[in-house]
Amino acid sequence: MTLAPDTFEAVFDAHYAEIRRYIARRIPLDMSEDLAAETFLVAFQRREAFDATQGAVRPWLYGIATKLIARYRRAELRHYRALVRSGPPPDDLGYDEQVVDRLAAGVAVGRLARALAGLSPGERDAVLLAAYGQLSYAEVAAALGVAEGTVASRLSRARTKLRDALGVEV
């Protein structure tokens, strides 16, 4: 069962803001709006490939967004490394603080950025989908196109690495 063009507007209305927030937490804010729009453009172009029997539309959209974010992975890592060196910008909109709150309350932004940069791309995607998107293991698996056991393994390894790097329970 594919997404009909006439129902796509409802999909956009229901999920755009959530997907944009997820993207804005992963890449610089000024690029997030464009990437969110691109996510829905790709989804619209690939709507015939969507199979509702394979899962819900929400994880499918997160999967598209995550794959598009991967194109910006180098810039994302440079951003985290810059935060390590300089801290958040003075007029920061607070997304760094939200990451800190979600993953390890009270941890300095630089330490968190360094810890996130130390994760493999798959581990980082799983952690951020679970933290930002509040997706279940099954939804993260659907978003990334991997088995649920793979998600569990990635999150377990990521928690261990973050716990070691940050010295707190995550």
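Values in this document were obtained by computation on a predicted structure and should not be read as measured data.
Residues satisfying the side chain to side chain contact (heavy atoms under 4.5 Å, CB included) test with S120, not counting sequence neighbours, are E123.
With values rounded to the nearest 0.5 angstrom, T39 atom OG1 is found 4.5 Å from L68 atom CG. One finds the CD1 atom of I23 at 8.0 Å from the OG1 atom of T66 (value rounded to the nearest 0.5 Å). Rounded to the nearest 0.5 Å, atoms CD1 (I69) and CD1 (I27) are 6.0 Å apart. Going from atom OH of Y137 over to atom CG of L129 covers 13.0 Å, rounded to the nearest 0.5 Å. Put simply, CZ on F8 and CZ on F50 are 10.0 Å apart, with the number rounded to the nearest 0.5 Å.
When side chains are defined from C-beta on, R58 counts as touching E18, because their heavy atoms get closer than 4.5 Å. Contact annotation: the side chain of L119 approaches that of L162 to within less than 4.5 Å [non-hydrogen atoms, C-beta and beyond]. Within the 4.5 Å cutoff, no side-chain heavy atoms of L128 are placed close to those of R25. The closest side-chain heavy-atom distance from R26 to Y132 is below 4.5 Å. Residues R47 and V11 are not in side-chain contact: their nearest non-hydrogen atoms beyond the backbone lie 4.5 Å or more apart.
A salt bridge between R154 and D125 is absent, with no side-chain N of the basic residue lying under 4.0 Å from a carboxylate O of the acidic one.
With S153 contributing its side chain and G149 its backbone, the two residues share a donor-acceptor pair below 3.5 Å. The closest donor-acceptor contact from the side chain of R124 to the backbone of L116 lies under 3.5 Å.
Residues A115 and L166 come closest through the heavy atom pair CB-CD2, 3.9 Å. Pairing each heavy atom of L29 with each of A24, the nearest pair is CD1-CB, 3.7 Å. The shortest non-hydrogen separation linking E139 to P59 is O-CB, 3.4 Å. A130 and V140 get closest at one heavy-atom pair: N-CG2, 4.2 Å.
Within the structure, salt bridge (charged side-chain N to carboxylate O under 4.0 Å, His left out) pairs that include any residue of residues 34-46 comprise E38-R71 (at least two apart or interchain). Residue pairs meeting the ring pair (Phe, Tyr, Trp, His ring centres under 6.0 Å) criterion with at least one member in residues 17-40, sequence neighbours excluded, are F12-F40, Y16-F40, Y22-Y62.
Put simply, F44 and L35 are part of the same group of oily side chains (I, L, V, M, F, W, Y) that touch within less than 4.5 Å, one to the next.
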